[in-house]
Amino acid sequence: MQRKNIVVFGAGSIGAFVGGSLIAALADVSLIGRAAMRGRIECHGLVMSGARGWEARVPGAMVRFSETAQSLCAADLVIVAVKSADTTEAAGQIFHLAPRSALVVSFQNGIENVSLLRSRLPDNVVLGAMVPFNVVQLPDGRLHRGTAGDIVVEAHPRWQPWLQVFRSAHLPLRPSAEFREVQWGKLLLNLNNAVNALSGKPLRTQLQERGYRLVLAASIEEALAALAVAGIRPAQLGDVPPERLPALLRLADDAFAQAGGALASIDARARSSMWEDLEAGRLTEVEELNGAVVRLARSQHREAPANDMLCTLVHAAERGGDRHIEAHSLAERLASRCPSLHA
Ligand SMILES: NC(=O)c1ccc[n+]([C@@H]2O[C@H](COP(=O)([O-])OP(=O)(O)OC[C@H]3O[C@@H](n4cnc5c(N)ncnc54)[C@H](OP(=O)(O)O)[C@@H]3O)[C@@H](O)[C@H]2O)c1
């Protein structure tokens, strides 16, 4: 079979992890990213790690990396892995440089990136992919995968030539005909990104504290109510059905440690990418996540006070405000606006 060219647009945590795993499996991959990632690759190569000591290494000399987007000209598959705020810019470059025959896939969180790419790239097939796992860039240069799960992709015949390529890279793709439900299922879990970013703590430590879980439970409950009105049944992504998440999160700490499953036993080093954004002084994706719930609720003439408040606090943190908010303090701040907090 003729070798197919993969271009990763946005070689950050997810893009470099996915791109690096594909290179390690000898796929033909070009990465588009920033000088900081180029420096990391020159210094350490690409080192991907995961559960149970799994590790894959690619020497820097094997990595095709560019800070410009020219490699798009030869793309058969474009993986879009920039943050949501950069999607419009990425779409413009793909439109100008990539062949119309290239398959374009958004590996991003949020609901609206795929439709934005589709509207800007009317001649390309544009599909969504939901990445269920978390990748964090460790100080020693490693891209560490902290959680498990297969990448779910919007079902389409264009995936056929790529399934084996991703399987060889230990990144099996699972096509789904109900992708909107999958996106919302992921978004429900991503509502914790804001809570995590505001806590300043690793995910496991943050989820061990009930005050944070109460806030998360309230934000998920608001989303579930809005989705029910919209007739959308979010997919179950972990071991807990979405409608049971609020009750699980409200358990006392000991009971949550017993019953919390994957949520309670998350890798001790895992952090949310929203926390990374605040650390790096970047804008976050809070509007694409908690903001999407607020917008959906408002379209139904309802309020979503927990998500609204989380948006406000994260925007304040983006401008230098508090991002080490203790659990009781966050819960108290929300309690006045959100009667369901302790429900
Ligand atoms: N990290 C995770 O664990 C995870 C898990 C699942 C899904 N996701 C989703 O995946 C997407 C990417 O997240 P991420 O955490 O991987 O983000 P990230 O680490 O910020 O990576 C994106 C990279 O793309 C770069 N970039 C943006 N525009 C560019 C351009 N025009 N040319 C070259 N490079 C450009 C960014 O540089 P600058 O920072 O300089 O803009 C950044 O280095 C998000 O939608 C996120 O929600 C992330």
Side-chain angles (χ1 to χ4, degrees), residues 7-21 30-41 46 48-50 65-72 78-98 105-114 116-117 128-138 142-153 171 182-183 185-187 189-194 196-197 202-203 237 266-267 269-292 314 318:
V7 177
V8 177
F9 198 130
S13 301
I14 285 296
F17 182 90
V18 169
S21 301
S30 301
L31 304 178
I32 300 169
R34 302 292 195 202
M37 181 57 79
R38 177 197 284 283
R40 284 174 77 112
I41 294 172
L46 275 171
M48 287 67 62
S49 62
F65 189 97
S66 175
E67 286 153 54
T68 67
Q70 290 306 318
S71 54
L72 284 169
V78 181
I79 293 176
V80 180
V82 296
K83 287 270 165 59
S84 302
D86 297 318
T87 306
T88 304
E89 155 79 12
Q93 304 230 36
I94 296 167
F95 180 79
H96 287 297
L97 294 170
V105 185
S106 163
F107 272 48
Q108 301 157 287
N109 282 329
I111 304 297
E112 287 144 13
N113 286 303
V114 178
L116 174 57
L117 286 166
M130 187 285 290
V131 179
F133 52 79
N134 164 285
V135 174
V136 67
Q137 301 183 38
L138 297 179
R142 257 179 315 142
L143 297 153
H144 182 75
R145 172 177 170 160
T147 47
D150 293 348
I151 297 172
V152 181
V153 295
L171 293 170
V182 171
Q183 281 181 306
K186 177 74 192 298
L187 189 140
L189 302 179
N190 281 145
L191 294 177
N192 188 49
N193 287 9
N196 178 257
L203 280 162
L237 298 185
I266 202 161
D267 187 291
R269 285 163 293 190
R271 301 261 192 176
S272 69
S273 59
M274 200 175 291
W275 173 85
E276 284 188 340
D277 286 338
L278 291 182
E279 276 290 293
R282 291 186 298 246
L283 293 179
T284 69
E285 292 186 307
V286 72
E287 282 302 328
E288 279 70 31
L289 302 173
N290 306 75
V314 171
E318 288 170 341

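First listed ligand is number 1; within each ligand, the first listed atom is number 1. Computed from a predicted structure; not experimentally measured.
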Smallest separation among heavy atoms of A69 and L97, with atom names: O-CD1, 3.4 Å
Minimal non-hydrogen separation, P132 against I151, with atom names: CD-CA, 3.8 Å
Heavy-atom closest contact (S84 atom, N109 atom, distance): OG-O, 3.9 Å
Nearest heavy-atom neighbours spanning G110 and L289: N-CD2, 3.9 Å
Closest heavy-atom pair and its distance - S13, E276: OG-OE1, 3.2 Å
Nearest-0.5 Å distance that lies between atom CD in Q137 and atom CZ in F17: 12.0 Å
Within the protein, residues bringing a heavy atom under 4.0 Å of ligand 1, chain by chain: F9, G10, G12, S13, I14, I32, G33, R34, A81, V82, K83, D86, E89, F107, Q108, N109, V131, F133, N134, V135, Q137, K186, S273, R282, E285
